[in-house]
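Notes follow the structure.
So you know, we letter chains A, B, ... as the sequences are listed, proteins then strands, and number each from 1.
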6 protein chains.
Amino acid sequence: MIQIIFLLSLFLSISNASVQDFCVADIKGSDTPSGYPCKPASTVTSDDFAFEGLIAPGNITNIINAAVTPAFVAQFPAVNGLGLSAARLDLGPAGVIPLHTHPGASELLVVTQGHITAGFVSSANTVYIKTLKKGELMVFPQGLLHFQATAGKRNAVAFAVFSSASPGLQILDFALFASNFSTPLITKTTFLDPVLVKKLKSILGGSG
Amino acid sequence: MIQIIFLLSLFLSISNASVQDFCVADIKGSDTPSGYPCKPASTVTSDDFAFEGLIAPGNITNIINAAVTPAFVAQFPAVNGLGLSAARLDLGPAGVIPLHTHPGASELLVVTQGHITAGFVSSANTVYIKTLKKGELMVFPQGLLHFQATAGKRNAVAFAVFSSASPGLQILDFALFASNFSTPLITKTTFLDPVLVKKLKSILGGSG
Amino acid sequence: MIQIIFLLSLFLSISNASVQDFCVADIKGSDTPSGYPCKPASTVTSDDFAFEGLIAPGNITNIINAAVTPAFVAQFPAVNGLGLSAARLDLGPAGVIPLHTHPGASELLVVTQGHITAGFVSSANTVYIKTLKKGELMVFPQGLLHFQATAGKRNAVAFAVFSSASPGLQILDFALFASNFSTPLITKTTFLDPVLVKKLKSILGGSG
Amino acid sequence: MIQIIFLLSLFLSISNASVQDFCVADIKGSDTPSGYPCKPASTVTSDDFAFEGLIAPGNITNIINAAVTPAFVAQFPAVNGLGLSAARLDLGPAGVIPLHTHPGASELLVVTQGHITAGFVSSANTVYIKTLKKGELMVFPQGLLHFQATAGKRNAVAFAVFSSASPGLQILDFALFASNFSTPLITKTTFLDPVLVKKLKSILGGSG
Amino acid sequence: MIQIIFLLSLFLSISNASVQDFCVADIKGSDTPSGYPCKPASTVTSDDFAFEGLIAPGNITNIINAAVTPAFVAQFPAVNGLGLSAARLDLGPAGVIPLHTHPGASELLVVTQGHITAGFVSSANTVYIKTLKKGELMVFPQGLLHFQATAGKRNAVAFAVFSSASPGLQILDFALFASNFSTPLITKTTFLDPVLVKKLKSILGGSG
Amino acid sequence: MIQIIFLLSLFLSISNASVQDFCVADIKGSDTPSGYPCKPASTVTSDDFAFEGLIAPGNITNIINAAVTPAFVAQFPAVNGLGLSAARLDLGPAGVIPLHTHPGASELLVVTQGHITAGFVSSANTVYIKTLKKGELMVFPQGLLHFQATAGKRNAVAFAVFSSASPGLQILDFALFASNFSTPLITKTTFLDPVLVKKLKSILGGSG
């Protein structure tokens, strides 16, 4: 028997350790345009490929009655290089995930509890809106403004999956009113009223 | 007012109709290596971007107590070109999605009901297995053999999301025993016993 | 001599017509996720590879004192499949290209006349702003909100080049106020004041 | 003359050392999703771009009368980032490369000696088989189960070229019977007979 | 039995015909930036995946004592979308494949008979040259000028494999002297002597 | 107020620092096939995204009356991973950018002063030539030989933008006559006259 195994091992002159099936991120290494360097395969275990961080609901005790919990590469290093990541959306009654974009990925939403009204705006300024029920899917093409909001009075839950390990997330209100974007430049480039801009900045913590 | 809108329209000398944000598949057209031709944007509605086909459980009245319902580009044309697609997995007690690969995509699994034991085998012949609960994620790197099975006695449900609109699905048993792969060639290339091969072929409908 | 040429022609048993160096778009064909079908190479001439549409200034007689003239694949079919396209920006005194994104491309700006203040907001809600002079470059990473505005009192001109033949263009104000995005949904997903929303819709032509 | 060269050097204000034509792998560096870091160009020589490791036949003194010798990025660092790698197949009389997949690449086979019967199984469970002679090519699309076997009584040799520097190699029998995949899970997910599974594990060295 | 198969068929609610494992080119269709449209899978047979066109030596009865026989997508439609293609090189005594580039692919050369001296020039104007024997590999990074020539007095044969189904082939002498590139423009942009240019044009059939 | 901001911060359980919108090159790090490692986002400022190096004209006091000034990733690290880079072309009277290729990118040229005659040669040995005026664009598909030359008697300026952060630049005359490419090999692989080759080598500094 030993001899057979020994002979067999001759058949394939390849070091298994040298084959890259996956590249679990070493997130302490420097990121690159294609993702993080890989952890040595010898230190990777089953636990790396699973992620418990989306099991618990996000805390929706806030002014939007909603929470987004990401499982991007920074949280779930196994997605590095796989072209996929995820997030959990929790929506309370009247909850809303405000208008936002993912600069680096398209999104596929799966509703797993309750009802959600979701929509996006195209480059042609057409708004596509649907009210979704449990088990229903919706896609949001890359980079376009979109939102999700509770439909009905019950809590809702959904999982969003992205076509990149690092999809990015630009929330319109945060970009404008929680940043150091100056009020004169905001009003000049959006035509929004400066009084409103300052009011929203004071709520969201923006400066400038 | 009309004059202002008129002047505004001058600002951007672009035909909105010419911008490609999305490419909902015209599945009657010929497929290409990058996907199907696009439906004219003028015929696309909100309904194109949502998919109801995964709302209902799959029929698990079969010998594996399980069902896979796909939302690939052929079923859900809006994913064309977006690098994403999905499937619903229904698993009854002792249910199993037999060993399979997706030749064209990595997979991210989200468990939404019950408990699932899932695993994959790497090129280095290491098996990575986890038992997952509701809300837990697992990733399966592209092209590797993997399975999902019910853990515990209750039904389980999961959504799989793929990094391609057309991930493919090669089920090991179907490739071997539900195909026209001849028994001599199977035994020669797998070392499986020909009696077993013929028995499984008779169950699964293979020929040759 | 003829014989030499004849023998030479034997050396390479390839039909030159079958090699794809370029794929000038047949824009009457159906678009695909990778771009338009190619015009037959035999009908392509030098004129296809040059574009005169950005020679003349855009008309800036409008409320923003600015104009964007695109040379995307729809206008300049030769960029099809080359991962490049362009646009001309004309900015009068106090002119502004309002806050916008390109969902499908990064942008490289070259200022060719006057001074331009430009900036973008990152996912981390940091604003990066520069005032650029003639010959200076600036890059705007894919999908992020950005703007360009005249700096100083003179007219300014710039050429923007994009990393896709079809970069898309989503202007924030048009997405919100020139679309059929309903006022209740806008206010719910942006926290903007409904009175302001309705006012801007009346100026920009939005409905809902 | 010196002056001319000096003036010429002014014409191009570019440091040649900064241009990346190639990226020969520094395989002691950490791999990334796009491949290994590059060796400094100043240390790269002609020898890096050639590979002698496939000149000698592989050792086919084993139970399959066959050998696979890889020239993947780990063996031939110059292929890093070029989207290509290779392997040599040696097949003795009645030799066989057992059923396997390359999770990360398509394969193009060139037969250079003898006759080879090769085939693959599609996702639609169709088997495509051909017997190839010297100089004949065959392609195996990415991720699909395929095999090569000696046709006739003479030795055969072939070169396989892959569409990735790191194509991966998952041999079905090794994944099942030379791994730590437990017999109960194998039988549950493949319907193979547990007695057979244990027998093949004892030959191939699997555990569990 | 029939019932079992029937029940099994329920398990997977997917039309096999809808899965894209491969995309054999319909070369009468219009090419796209990603390749040709796919032939209907129902019309694809084993013969599509094999190619006999490189079995016979190319005709080297010409002034370079050499021949290149391509198996690009136009000749071998099965490579469409797979990121691979091939060519056969036949080199007689003192034969040479003149300096050329592949604008769209890197190349991996496998020598299968005789000895070949091959080399390429980098952007840094360094020449990398090797004399290769049977079974030896060499890579030529994308787009760089390279050549192959017989080493020694015996005939040589090699197979080149490319990282694209449509790598392109620009032969320097043909681009300059077998084209309609005018002599004044050639001399202006290359500093070659106009008398030499005209002489080579007369041999190679160029005009202008 | 503080409480509101605090509650808001709960809504999004994501570390902004972990999102990759851009990857400004750390050019002291090792390059990879996808580009350089990223500088820490915390050290990136507005200045990184702008580039002043193309403001000043290049020095055209040389035998070609022309200069190319690059803004590739080595000079302008912010383009790392964005699929874009640029160069400035300065052309004096009778100036010429000699025949060259970019092995890794397509090019889009914008003429900003004077008139330029530009052209490229396809794989089918067809020459596409245009004389361009200020504001006119021209594209040069990846890897093909092309040139730019002053048309008329006035100085001309253009900006070239590339579809890669590292497009490469292979100047035909430099590859042949400023390298260590031996005269016998050059004459063998190009049919150029050895006397001419040696003369051009003596001017351009080549050896061998």
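- Heavy atoms closer than 4.5 Å to chain B are found nowhere in A:Ser164, neither backbone nor side chain.
- With chain A as partner, the option from B:Gly53, B:Ser106, B:Ala78 having the largest number of non-hydrogen pairs under 4.5 angstrom is B:Ser106.
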Query raised in the report: Given A:Phe140 and B:Phe22, is the side-chain contact (heavy atoms from CB on, under 4.5 Å) satisfied, shown in steps?
Result: CA-CA 9 Å; A:Phe140 307 89; B:Phe22 46 75; over 6 Å; no
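- Contacts between A:Phe49 and chain B at a heavy-atom distance below 4.5 Å involve backbone atoms as well as side-chain atoms.
- Chosen from A:Val139, A:Val79, A:Leu144, A:Val44, the residue pairing most often with chain B at heavy-atom distances under 4.5 Å is A:Val139.
- Residue contact with chain B, scored on non-hydrogen atoms closer than 4.5 Å, is absent for A:Asp48.
- Residue contact with chain B, scored on non-hydrogen atoms closer than 4.5 Å, involves the side chain of A:Ala71 exclusively.
- Only the backbone of A:Phe162 comes within contact range of chain B, with at least one heavy atom under 4.5 Å from a heavy atom of that chain.
- Scanning residues 184-196 of chain A against chain B with a 4.5 Å non-hydrogen threshold yields no residues.
- Scanning residues 108-118 of chain A against chain B with a 4.5 Å heavy-atom cutoff picks out A:Leu108, A:Val110, A:Thr112, ordered by number.
- A side-chain donor-acceptor contact under 3.5 Å links B:Asp21 to the backbone of A:Ser123.
- Annotation: residues 128-138 of chain B contacts chain A through B:Tyr128, B:Ile129, B:Lys130, B:Leu132, B:Lys133, B:Lys134, B:Gly135, B:Glu136, B:Leu137, B:Met138 [non-hydrogen atoms, separation under 4.5 Å].
- Identified by a heavy-atom distance below 4.5 Å to chain B, the contributing residues of residues 80-95 of chain A are A:Leu82, A:Gly83, A:Leu84, A:Ser85, A:Ala86, in residue-number order.
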